[in-house]
Amino acid sequence: MSAWTPLTGQVAVVTGASRGIGLAVADVLHGAGAHVVRLARSLKDATSERRTDVRCDVTDQTQVERAAAMALKVGAPDIVVNNAGMFFIKRLAETSAGDFAAMLAVNLTACFLVARTFLPAFHKRGRGHLVTIGSVSDHHAFPGSAAYASSKFGVRGLHEVIAAELAGTGIRTTLLSPGPVDTTLWDEVDPDSTPGFTKRAAMLKPSDVADAVLFAVTRPARVNVDAISLLPAVYTPRD
Ligand SMILES: NC(=O)c1ccc[n+]([C@@H]2O[C@H](COP(=O)([O-])OP(=O)(O)OC[C@H]3O[C@@H](n4cnc5c(N)ncnc54)[C@H](OP(=O)(O)O)[C@@H]3O)[C@@H](O)[C@H]2O)c1
């Protein structure tokens with residue numbers, strides 16, 4: 001049986017693709033035939049069969065522009081996935097100004113930088129798909145989430161404004177908002193031994209999120225999947 005490769009000939013850029021959700025998204029898009037350009041701070045610049053890795057801190061405009069130049073050498077990007085992110089739980093009183101700024105830099109400002117840097121290539125061809133990984137925290141408030149929710153509510157706002165500005169262009173945008181996913185993002189919280197959190201075994205897997213990205217980017221060109229909310233089947237938002 002031959003593999004399903006609907007993305008053959010396409011170039012997909014994924015930020016934060018060294019592990020977790022971003023790595024799973026990159027692998028699924030690669031499996032569907034795309035040439036995948038992975039960005040992360042811990043990756044070394046490298047190219048192999050339909051894979052290009054770029055060491056890139058997405059909070060740094062110069063590094064994002066360098067990554068875009070390297071991606072364009074592969075080919076004009078068809079898909080850009082804004083995934084890189086960080087997470088911590090601290091109540092407002094324990095959140096320093098530095099904590100807050102660091103969270104916004106990665107989860108929000110970097111999405112703006114990546115969108116602004118890559119969208120001109122979409123406009124040039126009149127097509128492209130920008131996928132943003134939000135969170136249940138882009139629309140639900142949890143105690144201890146002042147910084148995270150501010151960044152994720154912000155990224156939902158950014159997605160909605162970009163979608164409004166792109167109306168009528170044929171360029172597609174998707175906000176994918178997952179509930180808890182079993183990745184290293186949860187290591188500090190240690191949800192299995194902390195009451196009130198979804199246990200790792202009940203969480204979504206990175207491949208579940210990757211499958212949802214694949215669904216969105218493989219719809220016919222007339223279809224725009226504006227938003228996807230993905231929650232574990234057994235899930236109660238903590239109070
Ligand atoms: N896990 C969840 O429960 C969950 C739920 C909803 C939404 N999300 C969102 O999903 C996204 C991915 O989360 P994850 O769970 O896969 O986290 P993760 O396992 O901690 O991976 C985070 C990724 O982001 C990259 N990254 C962090 N800072 C970066 C920077 N400044 N520049 C470039 N890359 C950077 C990391 O690579 P390097 O360290 O190599 O740079 C890594 O590849 C995040 O936006 C997160 O908010 C996660």
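Note that ligands are numbered from 1 as they come in the structure, with each ligand's atoms numbered from 1 the same way. Please read these numbers as outputs of a predicted model, since none were measured by experiment.
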For this session: Check whether the side chains of S135 and D138 place a donor and an acceptor atom closer than 3.5 Å, and report yes or no.
Result: no

Expected list for residues 22-30: side-chain donor-acceptor pairs under 3.5 angstrom, two or more places apart:
residue	atom	partner	partner atom	Å
D27	OD1	R51	NH1	3.4
H30	ND1	R51	NH2	3.4
H30	NE2	E49	O	3.3

Exercise. Partners of T59 by side chain to side chain donor-acceptor pair (under 3.5 Å), sequence neighbours excluded?
Worked result: D57

Seminar exercise, completed: Ordered by chain then number, the protein residues lying under 4.0 Å from ligand 1 by heavy atom are G16, A17, S18, R19, G20, I21, A40, R41, S42, C56, D57, V58, T59, N83, A84, G85, V106, I133, G134, S135, Y148, K152, P178, G179, P180, V181, T183, T184, L185, W186

Check: residues 160-170 side-chain donor-acceptor pairs under 3.5 Å, at least two apart:
residue	atom	partner	partner atom	Å
T169	OG1	L166	O	2.6
T169	OG1	I171	N	3.1

Exercise. Can you tell if the side chain of F87 reaches within under 4.5 Å of the side chain of N107, non-hydrogen atoms only?
Worked result: no

Problem set entry | Any K90 side-chain heavy atom under 4.5 Å of D99 side chain | yes

